[in-house]
Amino acid sequence: MSLYDKIYEVVYQIPRGKVATYGQVAELANLSRKARLVGYALYKIPLETTDIPWHRVINAQGEISHSIWRKGTDYLQRSRLESEGIQFNTQGKINLSQYLWKPTV
DNA sequence: CCGGTGACCCGAG
DNA sequence: GCTCGGGCCACCG
């Protein structure tokens with residue numbers, strides 16, 4: 001049971017067609033203010049890991065974040081989101097007020 | 001042990 | 001819109 005398991009658990013709960021921000025995931029995982037850890041946790045997820053919908057996690061600007069070393073996955077992430085019905089505006093951003101996941105309290 | 005790195009966030013100017 | 005700086009903390013060499 002590592003710190004990341006908590007993060008993965010939260011990400012796993014993101015429903016289809018919705019997205020969550022790093023900060024949001026951090027809070028739900030009791031890691032408020034530690035959004036970077038969420039990014040690091042996702043960074044460690046192998047591409048072959050399909051159990052975790054990592055593509056539904058985006059930054060607070062409603063855009064897809066990725067490191068330059070993972071180029072190519074940006075296409076994959078956007079592709080997956082679009083196939084779930086999520087639309088990007090002309091600036092490549094997501095309308096958070098519409099797609100942001102509202103977790104069950 | 002230490003320093004660099006990293007899918008981040010927020011406030012100030 | 002932009003840049004800067006601070007905060008936070010695990011991982012790796």
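A note on names: the letters A, B, ... follow the listed sequences, proteins ahead of strands, and every chain is numbered from 1. Side chains are part of it too, since the values below use all heavy atoms of this structure and drop only hydrogens, waters and symmetry mates.
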A.B. asks: Roughly how many Å is it from CD1 in A:Ile45 to P in B:dG6, rounded to a whole number?
C.D. replies: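 Roughly 18 Å, once rounded to whole Å.
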A.B. asks: Nearest nucleotide by nearest heavy atom, which residue falls closer to the 5' end of DNA chain B, A:Gln61 or A:Leu37?
C.D. replies: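 Comparing both residues, the 5'-ward one is A:Leu37.
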A.B. asks: Side chains of A:Leu96 and A:Ile58: closer than 4.5 Å at any heavy-atom pair?
C.D. replies: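 The answer is yes, as the side chains (C-beta and beyond) meet within the 4.5 Å cut-off.
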A.B. asks: Rounded to the nearest 0.5 Å, what separation is found between the OG1 atom of A:Thr21 and the CD1 atom of A:Ile94?
C.D. replies: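 Nearest 0.5 Å value for the OG1-CD1 distance: 11.5 Å.
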A.B. asks: Output the residues of residues 7-23 of chain A in contact with DNA chain C, where contact means a heavy atom of the residue under 4.0 Å from an atom of the strand; sort by number or write none.
C.D. replies: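 None, since no heavy atom is under 4.0 Å.
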A.B. asks: Can you tell which of B:dC8, C:dC8, C:dA10 lies closest to the side chain of A:Lys34?
C.D. replies: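 Nearest nucleotide to the side chain: C:dC8.
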A.B. asks: Just by distance, with hydrogens left out, do A:Ser97 and A:Asn95 show a side-chain donor and acceptor under 3.5 Å apart?
C.D. replies: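 Yes.
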A.B. asks: Nearest 0.5 Å please: distance from the CZ atom of A:Arg78 over to the CG atom of A:Leu81.
C.D. replies: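 Rounded to the nearest 0.5 Å, the CZ-CG separation comes out at 9.5 Å.
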A.B. asks: Touch check for A:Ile64, heavy atoms < 4.0 angstrom, all strands: base, sugar-phosphate only, or nothing?
C.D. replies: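 Touches nothing.
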A.B. asks: For every nucleotide of nucleotides 2-7 of chain C, 5' to 3': is a protein heavy atom under 4.0 Å from its base (B), only from its sugar-phosphate (S), or from neither (-)?
C.D. replies: -----B
A.B. asks: Toward the 5' end of DNA chain C, which comes first, A:Ser32 or A:Lys44, by nearest nucleotide?
C.D. replies: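 On the 5' side of the pair lies A:Ser32.
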A.B. asks: Provide, to the nearest angstrom, the distance between the CG atom belonging to A:Leu31 and the C1' atom belonging to C:dA10.
C.D. replies: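 So the CG-C1' distance, A:Leu31 to C:dA10, works out to 11 Å.
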A.B. asks: Is any side-chain heavy atom of A:Leu3 closer than 4.5 Å to one of A:Tyr40?
C.D. replies: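 With C-beta onward as the side chain, the pair stays apart.
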A.B. asks: From OH of A:Tyr43 over to C1' of C:dA10, roughly how many Å is that when rounded to an integer?
C.D. replies: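 So the two atoms are 13 Å apart, to the nearest Å.
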A.B. asks: To the nearest Å, give me how far apart OH (A:Tyr4) and P (C:dC9) are.
C.D. replies: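 Rounded to whole Å, this separation is 12 Å.
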A.B. asks: Going from CD on A:Gln61 to CD on A:Gln91, what distance comes out if it is rounded to the nearest 0.5 angstrom?
C.D. replies: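 A:Gln61 atom CD to A:Gln91 atom CD measures 12.0 Å (nearest 0.5 Å).
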A.B. asks: Without decimals, in angstroms, what is the distance between A:Tyr40 OH and B:dT5 C1'?
C.D. replies: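 Rounded to the whole Å, the gap is 7 Å.
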A.B. asks: Please state how far atom CH2 in A:Trp54 lies from atom P in B:dC8, giving the value in whole angstrom units.
C.D. replies: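 Taking CH2 of A:Trp54 and P of B:dC8, I get 13 Å after rounding.
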A.B. asks: Just wondering, more than 12 heavy atoms not from A:Arg33 lying within 6.0 Å of its CZ?
C.D. replies: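 No - once you tally the heavy atoms of other residues, nucleotides and ligands closer than 6.0 Å, there are 12 at most.
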A.B. asks: Does A:Lys18 reach the side chain of A:Glu84, with side-chain heavy atoms less than 4.5 Å apart?
C.D. replies: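 A side-chain contact is absent here, since even the closest heavy-atom pair is not under 4.5 Å.
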A.B. asks: About how many Å separate NZ of A:Lys93 and CZ of A:Phe88, when rounded to the nearest 0.5 Å?
C.D. replies: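 Rounded to the nearest 0.5 Å, the CZ-NZ separation comes to 12.5 Å.
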